[in-house]
Number of protein chains: 2
Amino acid sequence: MAEQKKNATIYDVAEKVGVSLATVSRVVNGNDNVRQSTRDKVLKAIDELGYQPNAVARGLASKKTTTIGVVMPDVTNVFYSELTRGVDDIAQMYQYDALLTNTDDDQDRAVTAIKNLLTKQVDGIIYMGTKLSAPVMAMIQSAGVPVVLAGSVAENEALPSVNIDYVTAFETVTTKLLARGHQRIALVLGSRDRAIDQDFRLVGYQRALQEAGIDYDDQLVFAKARTYEAGQLQAADLMAQDVTAVVAYDDEIAVSILNYYQDHGYKVPEDLEIVTSNNTNFSIVSRPELSSINQPKYDIGAVAMRMLTKLMNGEELTDTQIKLPYTLISRGSTRTK
Amino acid sequence: MAEQKKNATIYDVAEKVGVSLATVSRVVNGNDNVRQSTRDKVLKAIDELGYQPNAVARGLASKKTTTIGVVMPDVTNVFYSELTRGVDDIAQMYQYDALLTNTDDDQDRAVTAIKNLLTKQVDGIIYMGTKLSAPVMAMIQSAGVPVVLAGSVAENEALPSVNIDYVTAFETVTTKLLARGHQRIALVLGSRDRAIDQDFRLVGYQRALQEAGIDYDDQLVFAKARTYEAGQLQAADLMAQDVTAVVAYDDEIAVSILNYYQDHGYKVPEDLEIVTSNNTNFSIVSRPELSSINQPKYDIGAVAMRMLTKLMNGEELTDTQIKLPYTLISRGSTRTK
DNA sequence: ATGAAAGCGCTAACAA
DNA sequence: TTGTTAGCGCTTTCAT
């Protein structure tokens, strides 16, 4: 058995070179106050010993862990995983690592997750829940570390966030549908009790109706499906309401509705027009392809992380509510190009 | 300005109750050697002070961080995100947090990632790359902490791993296709230089051919598409080879091929049969739906994490090479039920 | 430019 | 059952 070589510590390096811990620490941290010749010797010893600073000890001494927490509903959901990828890439760029936690949008679990992350002394948190209950808000506000929302928003812009202008996006999409003569347009949301759906998407939809002089009908708003399978069931409800167009908050749900209608003999876009809003691969995989609001998912994550790095550095933000531009992509599920 | 209340430390608790640090530590860690009345007092103080143990200090003192690292190609890929979800859920169950790193299957980045995770003193690592180059292997073997592969395999079973029997799965699927009279069956892989493709999927495919007495034709093996878009290009190559059936390693690629053929007037499954192998939602979203090998993705991640917990506890593993059962799901893209 | 020394907040022998 | 005392490996004043 080869003897298990213990990891070298800063002390080993110092001893080998014949300098103090402080000096080694300085060269490791790129502090200028080290004579070049000393620096070289230390570097050489570090290399020879294969010394790797222990991040935990460092974290304890410096009170910075270079670790952030990411609290999200579900990695498995493409929308969130794309946001996460943006977060991760920028985090890596700035030498942060990301601790991931899935909450399934459950507020209790979110509170627990945040508490746990704080216990691990993360330097900051990216929060991706669409919900933001009072307990979660309280937890965040007492966190003591910066938190930024990605792809979400807090009431009264209480927290830094990056997303798109959901109100306008949904208003525009709905208006276009109305312009084509639709009277019964379904709005498919994820849940009635989250701000992003209730205060933004729904509001945009309602504004469009109002401008067009059409009465709002709560029967046309659906919000009980979050999976493809559940979407099939909900699609039956849409059909029962004789809607002629639908605006959906999620691509999988949109495809689910699309397939359901087509499987029941409807023609899309002739009998039903559909617009979705995340533009994931699901929207180009379906036949016809789905017209979609195109949110810059990766960028939302990336920008949120960039904001967080500034906040963690104690920098002031000139703008805490960032709205990234979105585009509208016309594909086969709608009638006009 | 409200005075920023500093987080209470174990010392504050000890002082408040009038006991030593050790006693507080004992109750926090559930050590039995504490009189009930003392325990109650400590618990009360902890509650009143809102004391939360600092995990970093703990990690330094105990040499356990209750944090694991997850090294994966890309969170954005549904296959990996499902594995990750399995890992995360079990990790959480055992009180571990997961540090996530995307490598895009790049071996240099994998080495860097592992090195970095070790620096952070993770207690173990779940590795998901399909590739496993010598440098990565070397890094893993010198890690000093347990590593288990999820959805992947190492040559010579050198590392603990959990996955399915890819050879048999691909052999079976190919054999079924051959039985239906196909002579030119395309095998679509991700890359020729990774073990999972070259040593398992390809071998299964070849075995089936051999048993059927059909010569292997390298021209029918494709491995240059990893995205939906690239899949479209590659589909043209398949078409040029007049294949009548395809076995694909990934759902998005499979849908891409399916769509390409149908968009060019082919009928599926009449003119072309397709079988895919991950059974993600992409396979039920397409029309026709895709027949697929069904790997228990979530379970692979979950079982891998469970193995890792045992390893981290110093337990012996009775079986280090776990093959989970897979099923074959027949859908519209193939001709037989 | 370099070193000495005091922590960071906690665990873990070892004593008592 | 409880307390004392070293550390864990590093950063960070403060001297020199």
Side-chain angles (χ1 to χ4, degrees), chain A residues 5-43 45-46 49-67 95 116 118-123 144-145, chain B residues 5-43 45-46 49-67 95 116 118-123 144-145:
Chain A
K5 210 187 303 173
K6 258 189 107 272
N7 282 333
T9 70
I10 195 172
Y11 191 81
D12 300 324
V13 177
E15 187 176 22
K16 171 154 185 164
V17 183
V19 294
S20 71
L21 303 191
T23 300
V24 177
S25 177
R26 287 190 187 98
V27 350
V28 168
N29 292 300
N31 184 316
D32 275 342
N33 291 98
V34 181
R35 195 192 303 144
Q36 188 59 41
S37 62
T38 311
R39 178 184 308 279
D40 291 341
K41 277 187 289 184
V42 171
L43 254 15
I46 285 177
L49 292 170
Y51 168 67
Q52 296 277 95
N54 177 326
V56 173
R58 225 177 199 181
L60 183 59
S62 69
K63 306 196 160 297
K64 298 225 158 301
T65 54
T66 61
T67 299
Q95 316 268 45
N116 176 52
L118 294 175
T119 261
K120 294 240 164 155
Q121 313 300 125
V122 295
D123 296 337
V145 300
Chain B
K5 211 188 299 175
K6 257 187 109 272
N7 282 334
T9 71
I10 196 172
Y11 190 81
D12 299 325
V13 177
E15 186 176 24
K16 173 153 184 165
V17 183
V19 294
S20 71
L21 304 191
T23 300
V24 178
S25 177
R26 286 190 188 100
V27 350
V28 168
N29 293 299
N31 183 315
D32 274 343
N33 290 100
V34 180
R35 194 192 303 145
Q36 188 58 42
S37 62
T38 312
R39 179 185 306 280
D40 290 342
K41 277 187 289 185
V42 171
L43 253 15
I46 285 177
L49 292 170
Y51 168 68
Q52 296 279 95
N54 177 326
V56 172
R58 226 176 196 179
L60 183 60
S62 69
K63 307 198 159 295
K64 297 226 159 300
T65 53
T66 61
T67 300
Q95 316 269 46
N116 176 53
L118 294 174
T119 261
K120 294 240 164 153
Q121 314 299 124
V122 294
D123 296 336
V145 299

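Order of the sequence lines sets the chain letters (A, B, ...), proteins ahead of strands, with each chain counted from 1.
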Inset, instruction - In whole angstrom, give the distance that lies between atom CZ of A:Arg39 and atom P of C:dA1. - result: 9 Å

Legend entry - Integer-rounded Å distance: D:dT12 C1' and A:Ile10 CD1: 12 Å

Inset, instruction - Assign each of B:Gly18 and B:Ser62 to its nearest nucleotide of DNA chain D by heavy atoms, then name whichever residue's nucleotide is nearer the 5' end. - result: B:Gly18

Inset, instruction - With A:Thr9 as reference, evaluate A:Val13, A:Asp12, A:Asn7 under the side chain to side chain contact (heavy atoms under 4.5 Å, CB included) test and give the passing residue. - result: A:Asp12

Inset, instruction - Among the candidates D:dG3, C:dT11, D:dC10, find the nucleotide nearest to the side-chain atoms of B:Arg26. - result: D:dG3

Legend entry - Among C:dA12, D:dT2, D:dG3, the nucleotide that comes nearest once only the side chain of B:Val34 is considered: D:dT2

Legend entry - Side-chain (B:Asn29) to main-chain (B:Ser25) donor-acceptor, under 3.5 angstrom: yes

Inset, instruction - State whether a side-chain donor-acceptor pair under 3.5 Å links B:Thr65 with B:Lys120. - result: no

Legend entry - N or O in side chain of A:Arg58 less than 4.0 angstrom from D:dT11 OP1/OP2: yes

Inset, instruction - Would you indicate, yes or no, if C:dG3 has its OP1 or OP2 atom less than 4.0 angstrom from a side-chain nitrogen or oxygen of A:Thr23? - result: yes

Inset, instruction - Give one of base, sugar-phosphate or nothing for A:Val28, where a contact means two heavy atoms less than 4.0 Å apart. - result: nothing

Legend entry - A:Asn29 side chain near D:dT11 phosphate (N/O to OP1/OP2, under 4.0 Å): yes

Legend entry - Among D:dC8, C:dT2, D:dT1, the one nearest B:Thr38 by side-chain distance: D:dT1

Inset, instruction - Grab the CG-P distance between B:Asn54 and C:dT11 for me, whole Å please. - result: 10 Å

Inset, instruction - Ignoring backbone atoms, test whether B:Ser20 places a side-chain nitrogen or oxygen under 4.0 Å from the OP1 or OP2 oxygen of D:dT2. - result: no

Legend entry - N or O in side chain of A:Tyr51 less than 4.0 angstrom from D:dC10 OP1/OP2: yes

Inset, instruction - Tell me which nucleotide among C:dA12, C:dC10, C:dC8 gets nearest to the side chain of B:Pro53. - result: C:dC10

Inset, instruction - Check every strand shown and say whether B:Asn33 touches a base, only sugar-phosphate, or nothing at a heavy-atom separation below 4.0 Å. - result: base

Inset, instruction - Could you pull out the closest heavy-atom pair between A:Pro53 and B:Thr119, with the gap in Å? - result: O-OG1, 3.7 Å

Inset, instruction - Please state how far atom CG in B:Leu21 lies from atom C1' in C:dC14, giving the value in whole angstrom units. - result: 16 Å

Legend entry - Candidate nucleotides D:dT11, D:dG3, C:dC10, ranked by approach to the side chain of B:Ala61 - the nearest: C:dC10

Legend entry - Of the listed nucleotides C:dA4, C:dA13, C:dG9, the one nearest the side chain of A:Leu60: C:dG9

Legend entry - Between C1' of D:dT11 and CG of A:Asn31, the distance in whole Å: 11 Å

Legend entry - Reported CZ-to-OG1 distance for the pair A:Arg58 and A:Thr66, which is rounded to 0.5 angstrom: 8.0 Å

Inset, instruction - Would you indicate, yes or no, if C:dC10 has its OP1 or OP2 atom less than 4.0 angstrom from a side-chain nitrogen or oxygen of B:Ser25? - result: no

Legend entry - Under 4.0 angstrom between B:Lys63 side-chain N/O and D:dG9 OP1 or OP2: yes

Legend entry - Sugar-phosphate only, base, or nothing, as touched by A:Val19 at under 4.0 Å among non-hydrogen atoms: sugar-phosphate

